[in-house]
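First comes the structure, then the notes that go with it.
What's counted below: heavy atoms across the whole structure, side chains too, no hydrogens, waters or symmetry copies. In each ligand, atom 1 is the first atom listed, and ligand 1 is the first ligand listed. The residues of the chain are indexed from 1 along the displayed sequence.
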Amino acid sequence: MARKLAVASAITSVDIMLSPRKASSENEVRVAAARAADITLGDVLGVRVVKRSIDARGRGPRVQLRVELSTDAPFPPPVTTPPELKNVSKKPTVVIVGAGPGGLFAALRCIELGLRPVIVERGKDVRARRLDLAAITQRGEVDRDSNYCFGEGGAGTYSDGKLYTRSGKREEITRILETFVAYGASPDILVDAHPHIGTNKLPEIIAAMREGILRAGGEVRFGARVTGLMVESDGIRGVTLHDGNTVDATRVVLATGHSARDVFELLAAQGIAIERKDFAIGVRVEHPQAFVDEMRYRTKVRGPYLPPASYSEVVQVDGLGVYSFCMCPGGIVAPCATAPGEIVTNGWSPSKRNNPFANSGVVVEVRGPKGDGGPLSGVEYQRVVERAAFEAGGGGQVAPGQRLVDFCEGRLSADLPTCSYPPGLATARVDQVLPPEIGERLQQGLRLFGKRMRGYYSNDAVVVGVESRTSSPVRIPRDVETLEHPTVRGLFPCGEGAGYAGGIVSAAMDGERVAERIAALYPPSTR
Ligand SMILES: Cc1cc2nc3c(=O)[nH]c(=O)nc-3n(C[C@H](O)[C@H](O)[C@H](O)COP(=O)(O)OP(=O)(O)OC[C@H]3O[C@@H](n4cnc5c(N)ncnc54)[C@H](O)[C@@H]3O)c2cc1C
């Protein structure tokens, strides 16, 4: 099947469908696209794939490509080197709290707009952070400032690096993806329908961004936990750090992520308005990757030309959504606690996604007030579940596990299948670790998943507790126009922790947006 889309003066765009093997060959793509466009092969001077997705319907999986052909010149290659940033060392300072995607992209955009970012980050640089991740997986020891959520690159560094978002803002998304490519990501992310980077590649990319910020005269301070905001009647004056030092600024971006509970608490203690927000809670479910491949591609052997398959499901149970979340094909279930005495799971995968397991969060919406209904009640709800998971796991970072059918039928598993979760599992009643309104909906939801995906409902799959940090349980309010906190001038809540993003790309987009609003406050002469 081929579809000719548009003919500009010398560029023609066509949609073609090829076998996975042919789609991996530049020559096959050129030939098929030229044929579909009805252009003589010899007249084609440039070929570029602009969109690529897998179509697993029909008899065998096929690759759907949108290809552009040029008949007057080759296409320029994507930019794969960092941009030359102008020096901002003498420009007005913006303090950015948190070096996650929100904070980093805010910093890079500040530089482009003539402002000097000073990032203060409680964790360590990507390299040093790795040792603390090893302590979690090998010894079950969680450092409160350096873990899977805290440290350079934020929660996004040792993640799957999936770069999709539900946002429809194409231009903004493309800018973010192009920035990742400029700092070292594969240009494939510019064309793949489901782009991802992988844990092995992300640290280098993040470090290159930091180098770019430093070269331009910005500053990045690690081991700098913010413990207070300096607020006067006319607005923010800076931040205080855990060691008593202060960093002065009249513009502060607060991009501390969904796990910085101490930040939510300090805002509440300082009388700075925060609000309760809906979120979701559940478990990680892991199947053999070969099972997901067979289910999706309907073939026993995936072969070298197809990516490991994934699934995405949502069902309604008693008025609330039960849905799969942040699936990691060929990945590892990750221990993401940010304090001792709690178990929190998520997932990551390497760029090749070549581990033998496929894990996904499966979570239930947590809507409306819980507990005392106050702004921190969602945090407390999460905390109770995470502590219960810790107790059920029996200590360290050992997580409670249960076979999938046993989970749904409320039965302790006699033993557990091999699971990718590095600190290991203990057999436990994960269904009872969760509040009944969550556990029972998950049991029903997973049965419904099994009706939609043949073979899914199986005791070869394992349920790992708990997936509790799906998004922030708190929103830090801000003005829709200025993006400033309504009562603290110069304070800019940003990214996932403030409730304005739900992943790497949306946090990065929010960081850029905040930087643009801050720049708009300064007359161009000062920038
Ligand atoms: C294991 C894992 C896998 C994930 N996989 C994906 C994925 O594949 N795709 C995707 O889109 N999303 C994924 N996510 C979610 C994604 O990482 C987040 O949505 C994103 O990082 C949010 O960006 P952010 O900048 O708002 O906050 P964060 O990335 O959370 O960054 C906040 C930063 O603030 C710092 N900080 C916190 N408190 C303070 C303080 N008091 N003082 C100074 N610094 C502070 C933290 O150390 C952290 O570095 C994953 C998350 C995890 C944990």
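Among all heavy-atom pairs drawn from Tyr323 and Ala280, the shortest one is OH-CB, 3.3 Å.
Under 3.5 Å, the side chains of Arg517 and Thr482 contain no donor-acceptor pair of N or O atoms. Using a 3.5 Å distance cut-off with no hydrogens or angles, the side chains of Ser471 and Lys277 do pair a donor with an acceptor.
Here the two rings, on His287 and Tyr456, have centers that are under 6.0 Å apart.
When each atom of ligand 1 is checked for a heavy atom of Phe150 under 4.0 Å away, the hits are 46 (C), 47 (O).
By heavy-atom distance, the residue among Ala260, Gly502, Ser159, Ala498 lying nearest atom 4 (C) of ligand 1 is Ser159. When Thr256, Leu163, Ile332 are checked for heavy-atom proximity to atom 32 (C) of ligand 1, Thr256 turns out nearest. When Ala155, Gly153, Ser506 are checked for heavy-atom proximity to atom 28 (P) of ligand 1, Ala155 turns out nearest.
Glu121 OE2, 2.5 Å is the protein heavy atom nearest to atom 47 (O) of ligand 1. Nearest protein heavy-atom neighbour of atom 45 (C) of ligand 1: Arg122 CD, 3.6 Å. At the top of the distance list for atom 25 (O) of ligand 1, counting protein heavy atoms only, stands Gly102 N, 2.8 Å. Annotation: atom 34 (O) of ligand 1 to nearest protein heavy atom, Gly98 CA, 3.2 Å. Scanning the protein heavy atoms around atom 30 (O) of ligand 1, the nearest turns out to be Gly257 CA, 3.3 Å.
Counting only heavy atoms, the protein never gets under 4.0 Å from atom 14 (N) of ligand 1.
Remark: distances from the non-hydrogen atoms of Ala501 to ligand 1 are all 4.0 Å or more. Under the 4.0 angstrom criterion for non-hydrogen atoms, Gly347 is in contact with ligand 1. Proximity of Ala224 to ligand 1 is established by a heavy-atom distance of less than 4.0 Å.
By the criterion of a heavy-atom distance under 4.0 Å, both the backbone and the side chain of Val226 are placed next to ligand 1.
Look at Arg513 and Glu172 and you find a salt bridge, because one of the NZ, NE, NH1 or NH2 atoms lies within 4.0 Å of a carboxylate O, short of that distance. The residues Arg469 and Glu342 are annotated as salt-bridged, a charged nitrogen and a carboxylate oxygen being separated by less than 4.0 angstrom.
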Pair Arg129-Asp132, salt bridge (Lys or Arg N to Asp or Glu O under 4.0 Å): steps then yes or no: CA-CA 5 Å; Arg129 194 177 165 190; Asp132 296 315; over 6 Å; no
